[in-house]
There are 2 protein chains.
Amino acid sequence: MDTTQRTDQQRSADRRRRELLEAADRVVLRDGPQASMNAIAAEAGITKPILYRHFGDKGGLYAALAMRHTDALLDSLRAALDAPADRRERVEATLDTYLTAIEARPQVYRFLMHPAEGSPGDQGFDVGKHSAPLLRRMGEELAQVIEERLDLGPGGQQLARVWGHGIVGMMHAAGDWWLGERPCSRGELVRSLADLLWGRLAAAGDKIGGPGF
Amino acid sequence: MDTTQRTDQQRSADRRRRELLEAADRVVLRDGPQASMNAIAAEAGITKPILYRHFGDKGGLYAALAMRHTDALLDSLRAALDAPADRRERVEATLDTYLTAIEARPQVYRFLMHPAEGSPGDQGFDVGKHSAPLLRRMGEELAQVIEERLDLGPGGQQLARVWGHGIVGMMHAAGDWWLGERPCSRGELVRSLADLLWGRLAAAGDKIGGPGF
DNA sequence: ACTGCATGTTACCGCAAGTAACATGCACGT
DNA sequence: ACGTGCATGTTACTTGCGGTAACATGCAGT
């Protein structure tokens with residue numbers, strides 16, 4: 001068994017895989033996280049068992065799909081994070097990049113955040129890892145950037161990880177709420193969040209008439 | 001049709017409803033968000049259609065269940081938020097209260113955060129409101145407290161709402177990650193998050209050798 | 001021509017949400 | 001005492017989705 005044939009077949013399989021993923025993408029873009037395997041198979045012009053042969057189960061397909069989008073988003077975020085500007089500007093650029101992304105494709109974003117919650121095979125109650133992979137990856141990534149660039153003294157590495165996940169969670173929740181209610185422009189939201197990270201909460205004065213928050 | 005009978009019947013119905021909710025509670029505590037209507041009915045000693053008569057559909061039951069726990073948690077949080085201490089201490093107490101709650105009952109917490117994502121009837125793609133009701137309610141509540149007590153100048157109300165949802169998201173994501181990895185004690189996590197809110201991110205110095213984050 | 005293997009199909013299983021139609025117990029007006 | 005209404009309860013079903021088994025087909029290499 002020489003290698004050329006193996007490679008050939010694998011190439012073809014990879015191509016198919018990519019085609020299937022793109023079909024799945026279209027369906028998810030249209031139907032959100034509710035996209036069914038039947039629908040995806042139909043969109044791809046084939047039937048279910050093929051999907052299962054390629055991806056094992058629904059979780060596998062979703063994981064593969066999530067990986068693509070997550071990678072893409074993380075690339076954008078890294079670019080914003082690495083821009084040649086001062087810290088505040090970069091934080092704002094990063095927030096803006098994220099918000100722009102979720103604003104552009106809400107369905108995909110929704111899918112990434114709540115992937116396959118009700119699927120069987122999810123039986124293990126290991127509570128910790130139920131968060132969306134995207135959130136975790138963004139948190140770890142941000143933590144690394146923080147730890148690399150900021151001098152946080154002893155315990156800085158752990159502090160960076162807490163902050164990474166915390167900031168990502170802040171961004172996510174605020175973005176989610178903002179996308180639903182649209183209470184202000186994207187720019188205003190970005191500024192408000194950056195202000196929060198810049199300590200305006202602690203610096204604000206008490207309102208007259210009661211003890212401060 | 002006099003009222004006494006009506007009231008009587010309603011009382012009885014309410015009692016049943018509460019019993020059913022408690023049974024559902026037990027099942028969710030055991031099985032997490034995957035709890036099936038059959039299982040809940042069995043635990044309550046009855047059959048499915050009764051559940052549907054009382055709660056309409058699975059979403060209804062879950063909403064009722066979530067309401068109970070959400071109310072309880074919000075009461076605890078309000079207590080921490082209203083304690084007679086300075087702002088920093090109260091923020092830390094609130095964070096600690098939340099983390100203690102999710103640490104004590106991970107299944108319930110998981111259920112509250114990701115309720116019935118895959119249920120039909122969820123077909124409307126109104127993306128915004130997909131976030132857990134608990135997160136939204138906590139965000140709004142916190143926003144109100146912030147807006148009531150802090151002098152934020154013009155635009156303060158909107159700022160308070162952004163911050164409310166942002167802080168809650170930070171708390172949630174960090175807590176979620178922490179619960180899964182247990183990288184440090186609860187106290188350390190609380191301090192780290194409070195530090196973040198207190199502006200240490202902006203105040204930190206650049207690490208030698210590169211531009212600061 | 002025969003084998004091996006990936007690709008593709010139809011037809012099925014199991015399980016959970018949700019519903020229709022049928023039974024039963026209990027307060028009421030007459 | 002007797003039917004009438006109404007809530008409570010049941011069995012048995014439909015629908016839809018995830019997942020799989022068994023069977024068909026096209027195309028290398030010997």
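Because the structure is predicted, anything quoted here is derived from the model rather than measured. Every chain is numbered from 1, with letters handed out A, B, ... down the list of sequences.
- Between A:R15 and A:E19 there is a salt bridge, since a side-chain N of the basic residue sits under 4.0 Å from a carboxylate O of the acidic one.
- In this structure, CG of A:L61 is placed 10 Å from P of D:dG18, rounded to the nearest angstrom.
- For the pair A:Q34 CD and D:dG18 C1', the computed distance is 14 Å after rounding to whole Å.
- Judged by closest nucleotide on DNA chain D, A:M37 is the one of A:M37 and A:R53 placed further toward the 5' end.
- With rounding to whole Å, A:I40 atom CD1 is found 12 Å from D:dC17 atom C1'.
- A:D57 has its CG atom 11 Å from the P atom of D:dG18, to the nearest Å.
- One atom, CZ of B:R17, and another, P of D:dT8, lie 12 Å apart when rounded to the nearest Å.
- The OH atom of A:Y52 sits 21 Å away from the P atom of C:dA6 (whole-angstrom rounding).
- The separation between B:E19 atom CD and D:dT8 atom C1' is 13 Å, rounded to whole Å.
- Judged by distance alone, with hydrogens and angles left aside, the side-chain atoms of A:W177 form no donor-acceptor pair with the main-chain N or O of B:R136 at under 3.5 Å.
- In this structure, CG of A:L51 is placed 13 Å from P of C:dT7, rounded to the nearest angstrom.
- The side chain of B:P49 lies closest to D:dT10 when the candidates are D:dC17, D:dT10, C:dT7.
- Under a 3.5 Å cut-off, the side chain of A:Y98 and the backbone N or O of A:V168 do not form any donor-acceptor pair.
- At the heavy-atom level, B:T47 lies under 4.0 Å from base atoms of the strands shown.
- Put simply, B:R16 has no side-chain N or O that comes within less than 4.0 Å of OP1 or OP2 on D:dA7.
- The side chain of B:K58 lies closest to C:dA17 when the candidates are C:dT9, D:dC17, C:dA17.
- In this structure, A:R182 is positioned above the aromatic face of A:W178, its NZ or CZ under 6.0 Å from the six-membered ring centre and within 45° of the axis.
- Residue side chain B:K48 reaches the base of C:dG18 through a donor-acceptor N/O pair under 3.5 Å, judged by distance alone.
- Counting non-hydrogen atoms of other residues, nucleotides and ligands closer than 6.0 Å to CZ of B:R105 gives a total of 12 or fewer.
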